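Everything below concerns the one structure shown next.
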Amino acid sequence: GENVEQHPSTLSVQEGDSAVIKCTYSDSASNYFPWYKQELGKRPQLIIDIRSNVGEKKDQRIAVTLNKTAKHFSLHITETQPEDSAVYFCAAEGGSARQLTFGSGTQLTVLP
Amino acid sequence: KAGVTQTPRYLIKTRGQQVTLSCSPISGHRSVSWYQQTPGQGLQFLFEYFSETQRNKGNFPGRFSGRQFSNSRSEMNVSTLELGDSALYLCASSQTPGLSYNEQFFGPGTRLTVL
């Protein structure tokens with residue numbers, strides 16, 4: 001089955017700096033890669049996703065890049081703010097069952 | 001549209017007991033997936049139901065089971081509870097699996113504590 005690895009597990013940045021979280025996946029048939037943000041005590045919420053026919057997607061301060069050849073994708077957050085502090089999960093959907101497999105999460109802390 | 005709801009939100013049980021958790025998906029969503037979330041383990045997939053049938057299953061023991069009703073509401077059951085079953089159990093609904101891009105919407109979760 002699919003295996004998704006996510007790095008780093010924790011990340012601290014100064015407010016205004018950029019943050020990058022990286023994920024690799026194993027199933028070359030995977031074709032959908034969402035990112036979820038989970039604030040403390042809350043449910044995971046989709047913040048951005050990318051399809052396999054696209055190399056990059058941006059939404060204001062958030063961007064995701066996908067390299068299908070290398071089987072990795074990354075989340076980029078620019079001009080970080082304290083409210084960006086949360087756990088971020090990457091996921092990959094693939095295989096015949098089209099099941100979502102999640103990475104282990106990254107705790108992002110934005111220091112004021 | 002109302003979001004995904006889960007009941008109960010908190011539950012305390014003792015070892016050996018069994019527990020049933022409930023999930024109501026977004027109206028019109030026919031697929032419900034269940035995940036176990038523990039510190040450091042991320043979101044571990046339990047199973048997915050669609051049209052009252054289990055469509056996918058993760059690597060969990062047979063003590064974990066589920067079902068889906070005709071109105072798409074789903075329940076999961078854990079029998080013979082163990083201390084290690086303490087976790088946040090999340091369900092997520094999506095419109096129809098098998099179509100491209102299976103966007104999932106999560107419920108608030110049920111926090112299960114096993115003493």
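Numbers restart at 1 for each chain; the letters A, B, ... are given by sequence-line order, proteins then strands. The model shown is predicted, which means the values in this text are computed figures rather than measured ones.
For Lys68(A), the NZ atom sits in a packed shell: over 12 heavy atoms of surrounding residues, nucleotides or ligands are nearer than 6.0 Å. Counting non-hydrogen atoms of other residues, nucleotides and ligands closer than 6.0 Å to CG of Asn59(B) gives a total of 12 or fewer.
Interface residue Leu90(B): only side-chain heavy atoms are found under 4.5 Å from chain A. Pro34(A) does not touch chain B: none of its heavy atoms, backbone or side chain, sits under 4.5 Å away. In this structure, chain A has no heavy atom under 4.5 Å from any part of Gln44(B). With a 4.5 Å cut-off on non-hydrogen atoms, Gln107(A) does not touch chain B at all.
Between Phe47(B) and Tyr49(B), the ring center distance clears the sub-6.0 Å criterion.
The aromatic rings of Tyr35(B) and Phe106(B) lie tilted to each other, with the angle between the two planes from 30° to 60°.
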